[in-house]
Each structure stands twice: as structure tokens, then as C-alpha cells.
Amino acid sequence: MDAVLDGGFVVRWLTAAAGLVEREAERLTELDSAIGDADHGANMQRGFAAVVKTVDTRPPGTPGAVLIAAGRQLISTVGGASGPLYGTLLRRAGKSLGEAPQVTVGELQTALRAGVKSVQELGGSAPGDKTMLDALVPGVEALATSFEAAAGAAEQGARDTVPMLARKGRASYLGERSIGHQDPGATSSALLFAALAEAAR
Amino acid sequence: MSAGEALVGVVLVSHSKAVAESVAALAAGLAGDGGAKVPLAAAGGTPDGGLGTSSELIAAAAREVDRGAGVALLVDLGSAVLTVKAMVAEGDELPEDSRLLDAPFVEGAVAAVVTASTGADLAAVAAAAGEAYDYRKE
């Protein structure tokens with residue numbers, strides 16, 4: 001937990017996330033067409049491409065400033081529910097980090113925990129509802145062990161949504177029919193943690 | 001509030017441009033000519049006309065209707081709700097006195113616009129729109 005992270009690290013993280021979203025866009029849309037409105041891949045791709053553009057064109061600021069700028073960009077460009085949700089996650093985490101030029105992994109974990117809490121409040125949902133929280137919560141907690149452990153825990157969390165009954169969003173209207181499909185939001189959340197591990201390697 | 005003072009502005013946010021604009025026309029029509037003309041704007045769909053929500057369209061609409069008496073935002077579902085909630089909670093994109101109304105979209109819009117046309121303040125507009133939930137249909 002001694003590693004010190006700067007704004008450049010956060011830029012590398014978000015860039016890696018954009019790359020993974022790009023690579024997995026088709027799969028995200030496929031998952032979303034089973035229980036959603038088949039726009040998750042395209043929405044995430046558009047949002048993260050805009051994030052990379054934003055953080056690339058300015059000199060890397062503090063970790064907090066980079067996250068706030070990225071969150072704001074997601075809210076304004078995604079166009080679907082994932083925009084305000086991911087936007088709030090990053091923006092809240094960024095605000096929680098304040099203006100420190102460098103942060104520890106522990107501080108990043110605390111900030112992301114605050115972000116996840118805001119996502120929970122915004123969506124009015126809890127783990128087990130078959131949402132992005134099912135990957136975010138275990139991912140953030142496993143950061144205490146390592147970035148790799150967090151990536152693994154988030155990925156497992158996403159897979160664990162398969163047998164769940166959706167309780168939030170459009171998928172919840174499907175009732176029992178939502179069972180047996182992996183949640184697209186949890187899947188993209190796992191990509192965020194995979195990107196974090198990639199940036200740290 | 002006496003005549004001549006600023007009216008509360010109303011923004012209608014829908015997944016669909018057509019829905020937002022139609023509900024705005026409906027609310028303005030039902031408000032009639034009895035009261036003052038309420039600043040009213042629709043922010044529906046994405047900037048390219050697709051289904052979805054755009055924080056830019058919402059922010060522009062809110063600025064357009066802001067007369068200094070506050071801005072009431074009504075939303076339909078999904079990302080419209082989450083986007084406005086996120087903007088109200090953390091953002092700086094909306095005018096200072098902006099409020100997301102907890103109300104059904106169509107009925108709440110009519111109640112909000114009619115109430116705002118009387119010169120009522122933002123709290124009264126919000127209360128009137130919220131009361132639309134109490135009107136049961138069965």
C-alpha cells in the first residue's frame with residue numbers, strides 16, 4: 001500500500017479503461033441487448049473516448065482534478081444512465097481526494113469508496129440488485145490487498161450477477177427474465193478495475 | 001408575490017425530444033392565458049435527436065428559463081432522472097436555485113406550469129407538482 005499515485009497515473013488508468021471499453025464494446029452491447037436497451041457499449045465508448053480527449057489535452061493535474069474532469073465529461077457525453085452513474089463515481093472520488101498532488105493506494109480506496117456510496121445513493125440501489133455496484137463494491141474492498149486482487153474481485157462480482165434478479169433500471173421490468181444474464185453495468189465496472197491493474201503494472 | 005416579479009422557470013427533461021416538447025406544449029396550453037407566461041423549455045433526447053439524456057441540453061434549457069426566481073426541473077425516467085440528480089447533487093452546470101421535482105412527468109408539468117403562472121415561489125411549484133402523485137386513477 002506504499003505506492004504513491006500522481007495525476008499521470010490516473011490519466012494512464014482512464015486511458016487503459018477507454019482501451020478496454022473499446023475492445024469490449026460489442027460484448028457490453030450484447031449483454032445490454034439481452035436485458036437492456038442495447039446501447040451500453042456505444043455509450044461507454046463515446047464517454048471514455050471523450051474522457052481521454054479531455055485528460056490528454058490538458059496538463060495532468062492532481063489525481064483529484066483528473067477524476068473530477070473525467071466525471072464531468074462522462075455525465076455530459078454518455079447519454080444513458082451509465083453517464084451520471086460513472087460520472088458521479090469519478091467526480092465524487094476526485095472531490096474526496098482534494099488537491100493532493102500524490103495519493104496513496106489507501107487514499108484512492110477511501111475516495112473510491114465515497115464515490116461508490118454516491119452511486120448507491122444516486123441509483124437508490126444496493127449490492128445484490130444486479131447493478132454496477134455488484135462489481136464496484138468487491139473491487140474497491142479488494143484494493144486493500146492489491147490492484148490485481150481488485151480486478152479479480154470486480155470480475156468475479158460481475159460474473160456473480162448472472163443468477164441475480166434485476167431490481168433497478170429497465171432490466172427490472174423484465175422480472176424473472178432478467179435471471180441468467182450478466183449485468184452489463186457490472187461488466188463495465190469490472191473493466192474499470194482491470195484498467196486500474198493495467199495502469200499499475 | 002406581486003405582479004411583475006420574476007416567475008419560476010420550468011424545464012421538462014425526457015428521454016425523447018418529441019415527448020419533452022409535446023408535454024411542454026400541453027402544459028403551456030392548459031395553463032392558458034389567465035396567468036403570466038411561464039418561462040418553459042424542453043430538454044429531450046440527445047443533441048443529435050436520438051433517445052437519451054443530454055446534460056448540455058438540460059443546462060442550456062435551465063439557463064434559458066432562469067429569471068432569478070428558481071428553476072424547477074421535471075424528468076421522465078432512467079437516465080433523465082439520474083442525470084438531473086447528478087447535476088443537482090454535485091455539478092455547477094445548473095443555475096443556483098435549481099430543483100428536481102419529485103412528481104409524475106405529465107401531470108406534474110401541468111401542475112408546475114399552472115402554479116408558476118400565478119407567481120408562486122419554487123417551493124409552492126414543487127409542492128403542487130408533487131401533489132399530482134395523490135390523484136389516483138383507479
Side-chain angles (χ1 to χ4, degrees), chain A residues 32 35-47 50 64 67-96 111 114-115 117-125 131-133 166 168-173 184-185, chain B residues 11-21 41-64 71 73-96 98-105 130 133:
Chain A
D32 195 29
I35 56 173
D37 50 2
D39 61 1
H40 193 52
N43 283 348
M44 291 294 284
Q45 229 176 334
R46 184 170 55 244
L67 286 173
I68 290 171
R72 192 190 171 106
Q73 194 60 44
L74 285 177
I75 292 173
S76 75
T77 43
V78 169
S82 47
L85 291 167
Y86 279 111
T88 293
L89 172 71
L90 298 187
R91 189 152 72 172
R92 182 73 238 149
K95 284 187 179 179
S96 160
K117 188 163 167 274
S118 289
V119 168
Q120 205 158 339
E121 284 164 8
L122 181 61
S125 52
T131 69
M132 50 195 276
L133 289 172
K168 283 289 157 188
R170 185 192 176 284
S172 65
Y173 302 146
Chain B
V11 175
L12 302 180
V13 182
S14 168
H15 252 60
S16 147
K17 183 170 162 36
V19 169
E21 286 173 354
T46 55
D48 60 7
L51 294 180
T53 313
S54 158
S55 68
E56 264 128 44
L57 291 181
I58 296 166
R63 281 194 301 270
E64 182 192 326
V71 175
L73 296 109
L74 287 114
V75 299
D76 62 354
L77 43 88
S79 62
V81 183
L82 294 178
T83 300
V84 174
K85 264 176 128 173
M87 291 171 81
V88 169
E90 303 238 15
D92 48 9
E93 301 98 336
L94 293 173
E96 207 168 301
S98 296
R99 180 161 166 184
L100 167 61
L101 303 196
D102 183 19
F105 191 61
Y133 274 135

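Numbered from 1 within each chain, the chains take letters A, B, ... in sequence-line order.
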**Request:** With a 4.5 Å cut-off on heavy-atom pairs, point out which of His15(B), Glu93(B), Met87(B) contacts chain A the most.
**Result:**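 Answer, by heavy-atom pair count under 4.5 Å with chain A: Glu93(B).
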
**Which atom of Pro84(A) lies closest to which atom of Ser79(B), heavy atoms considered** = CG-O, 4.4 Å

Could you look at [X] and say if it's the side chain, the backbone, both or neither that has a heavy atom under 4.5 Å from chain B?
X         : result
Lys95(A)  : side chain
Ile68(A)  : neither
Ser118(A) : side chain

**Asked** Between atom CG of Leu82(B) and atom CD1 of Ile75(A), what is the distance when rounded to the nearest 0.5 Å?
**Response**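 Reported to 0.5 Å precision, the distance equals 10.5 Å.
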
**Message:** So, taking the atom named OG1 in Thr46(B) and the one named CZ in Arg46(A), what distance separates them when rounded to the nearest 0.5 Å?
**Reply:** 7.0 Å

**Asked** Is the count of non-hydrogen atoms from other residues, nucleotides or ligands lying under 6.0 Å from Lys17(B) atom NZ greater than 12?
**Response**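 Check fails, neighbour count at 12 or below.
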
**Message:** According to salt bridge (Lys or Arg N to Asp or Glu O under 4.0 Å), who are the partners of Asp92(B), at least two apart in sequence or on a separate chain?
**Reply:** Arg72(A)

**Item:** Test salt bridge (Lys or Arg N to Asp or Glu O under 4.0 Å) applied to Glu121(A) - qualifying residues, sequence neighbours left out
**Value:**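 Salt bridge (Lys or Arg N to Asp or Glu O under 4.0 Å) check on Glu121(A) returns Lys117(A).
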
**Prompt:** Quick one: what part of Thr83(B) sits under 4.5 Å from any heavy atom of chain A, side chain, backbone, both or neither?
**Reply:**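 Both backbone and side chain.
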
